[in-house]
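Per chain, numbering begins at 1; letters A, B, ... match sequence-line order.
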Number of protein chains: 2
Amino acid sequence: MNNTRFATVIHILSLLDCNPEEWLSSEWIANSININAVIVRKELGMLQEQGLVISRKGKDGGSQLAKPSTVVMLSDIYALVKNAAILGKKNQNPNPKCPVGKEMNNKLDLLSTEMDALVMESLKNKSLADFSKQFR
Amino acid sequence: MNNTRFATVIHILSLLDCNPEEWLSSEWIANSININAVIVRKELGMLQEQGLVISRKGKDGGSQLAKPSTVVMLSDIYALVKNAAILGKKNQNPNPKCPVGKEMNNKLDLLSTEMDALVMESLKNKSLADFSKQFR
DNA sequence: ACTATATGTAATAATAATTGTTACATATTA
DNA sequence: TAATATGTAACAATTATTATTACATATAGT
């Protein structure tokens, strides 16, 4: 993970959780994160598809959480944005004629899967509510 | 981690461990990984500085492990190449005037540190010897 | 000493991934 | 119908990663 998507998404969700009555606009959210509003809208679109957020168009539109933050786990959020193994990428074409090269990617996959599972298990014990209450 | 450094370095070390009597050249190693030899030499240089490998220049030169693979832990290797937090980067300048923006990066750091420690602890229990014996 | 061969490293190019920007269609409320 | 917000495509800019070229330096064997 060499991108800011987890940070951005958890920031968005924390803002929504801290302002449960409001319909927060993408501009307002973007101003808190200090990034471009289009990026926020893209993440909000993704969060809607996943059922975590509801958005309204038009005047006085904006977004809210679609369900209680107590049932949204950080593992859910991580799974949405994760795009790389913790241990990084494999090399694409190790030499199949070499006994090490031939099996390396299989063995790396095993190790990677184990590390990924470890982190997911830990994040399953943390809710969005736990996280966002730190800001109040 | 969106790069191949862990995969490359553990591949290099596995080859050295599987050929303990030989002085493996960077070209030979590069051929097994199927990447450019200069990249291998850069990693070998780093591994020498860290005391994991010894290299010899000149004809019949090459590299060998500097110590038994039973005492090299995967956590050591991971620490050498890790360049990003597991949960990714933070946004650079969240808005300090927003209660969420103001504290977000501190809280993300806490969470990140916890996840990083989890993975490191697990990798501390795995030696290079454990890993490389899978190829024999 | 000379040749062959290997590391060490700088400089640069190429590629890929990520983030930011502009523009505008569409929807909604008052 | 005016104001305001989302939705999204297209593209630009930036950053990160990997590959390549070139050559200095070291070493072994003849």
With heavy-atom distances below 4.5 Å as the criterion, would you say the side chains of B/Ser14 and B/Phe131 are in contact?
yes
List the residues meeting salt bridge (Lys or Arg N to Asp or Glu O under 4.0 Å) with A/Lys102, not counting sequence neighbours, and say none if there are none.
none
Round to the nearest Å and state the distance from A/Asn36 atom CG to C/dT22 atom P.
8 Å
Between atom CD1 in B/Ile39 and atom C1' in C/dA11, what is the gap in whole Å?
15 Å
Counterpart residues, salt bridge (Lys or Arg N to Asp or Glu O under 4.0 Å), relative to A/Lys133 (two or more places apart)
A/Asp130
What is the distance, to the nearest angstrom, from the CD1 atom on B/Ile29 to the C1' atom on C/dT5?
15 Å
With respect to the side chain of B/Lys59, which nucleotide from C/dG20, C/dT19, C/dA4 is positioned closest?
C/dA4
D/dA5 P sits how many Å from A/Asn31 CG, rounded?
13 Å
Applying salt bridge (charged side-chain N to carboxylate O under 4.0 Å, His left out), which residue pairs with at least one partner in residues 83-97 of chain A are found, sequence neighbours left out?
A/Lys90-A/Asp109
Filter on salt bridge (charged side-chain N to carboxylate O under 4.0 Å, His left out), then keep only pairs touching residues 52-73 of chain A, sequence neighbours left out; what's left?
none
Per atom distances to the A/Asn83 side chain, the nearest of D/dT17, C/dT18, C/dG20 is C/dT18
Are B/Ser122 and A/Leu118 side-chain neighbours, meaning at least one heavy-atom pair lies under 4.5 Å?
yes
Give the table of side-chain donor-acceptor pairs shorter than 3.5 Å for residues 70-86 of chain A, with sequence neighbours excluded, one pair per line with atom names and distance.
unit_1: A/Asp76; atom_1: OD2; unit_2: A/Met73; atom_2: N; d: 2.9
unit_1: A/Lys82; atom_1: NZ; unit_2: A/Ala84; atom_2: O; d: 2.9
unit_1: A/Lys82; atom_1: NZ; unit_2: A/Asp116; atom_2: OD2; d: 3.3

As a test of reading the structure: which of C/dG20, C/dT19, C/dT18 is closest to the side chain of B/Asn2, going by heavy atoms?
C/dT18
At a heavy-atom distance below 4.0 Å, what parts of residues 88-96 of chain A sit against DNA chain C?
none
Sorted by first residue and then second, give each salt bridge (charged side-chain N to carboxylate O under 4.0 Å, His left out) pair with at least one member in residues 9-30 of chain B; sequence neighbours left out.
none
Ignoring backbone atoms, establish whether B/Ser26 has a side-chain N or O less than 4.0 Å from OP1 or OP2 of C/dA6.
no
Please table the atom pairs, donor to acceptor, closer than 3.5 Å between any side-chain atom in residues 28-38 of chain A and protein atoms at least two apart or in another chain.
unit_1: A/Asn31; atom_1: OD1; unit_2: B/Asn95; atom_2: ND2; d: 3.1
unit_1: A/Ser32; atom_1: OG; unit_2: A/His11; atom_2: NE2; d: 2.9
unit_1: A/Asn34; atom_1: ND2; unit_2: B/Asn93; atom_2: O; d: 2.8
unit_1: A/Asn36; atom_1: OD1; unit_2: A/Val38; atom_2: N; d: 2.9

Which pairs with one or both residues in residues 32-43 of chain A pass salt bridge (charged side-chain N to carboxylate O under 4.0 Å, His left out), sequence neighbours excluded?
A/Arg5-A/Glu43
Sorted by number, the residues of residues 13-25 of chain B with heavy-atom contact under 4.0 Å to DNA chain C
B/Leu24, B/Ser25
Between B/Lys126 and A/Glu114, is the closest basic N to carboxylate O distance under 4.0 Å?
yes
May I have the distance from B/Met46 (atom CE) to D/dT18 (atom P), rounded to whole angstrom?
13 Å
Separation of D/dT17 atom C1' from B/Ile35 atom CD1, nearest Å, is 12 Å
Provide a list of protein-nucleic acid N or O atom pairs under 3.5 angstrom, restricted to nucleotides 7-10 of chain D.
unit_1: D/dG7; atom_1: OP1; unit_2: A/Gln48; atom_2: NE2; d: 3.0
unit_1: D/dG7; atom_1: OP2; unit_2: A/Gln48; atom_2: NE2; d: 3.3
unit_1: D/dG7; atom_1: N7; unit_2: A/Arg41; atom_2: NE; d: 3.1
unit_1: D/dG7; atom_1: O6; unit_2: A/Arg41; atom_2: NH2; d: 3.4

Atom pair distance, as rounded to whole Å: CD in A/Glu27 and P in D/dT6:
8 Å
Rounded to the nearest angstrom, tell me the gap between atom CD1 in A/Ile33 and atom C1' in C/dG20.
14 Å
Which residues, ordered by chain and number, are linked to A/Leu110 in its hydrophobic cluster, where ILVMFWY side chains connect at heavy-atom gaps below 4.5 Å, directly or through other members?
none
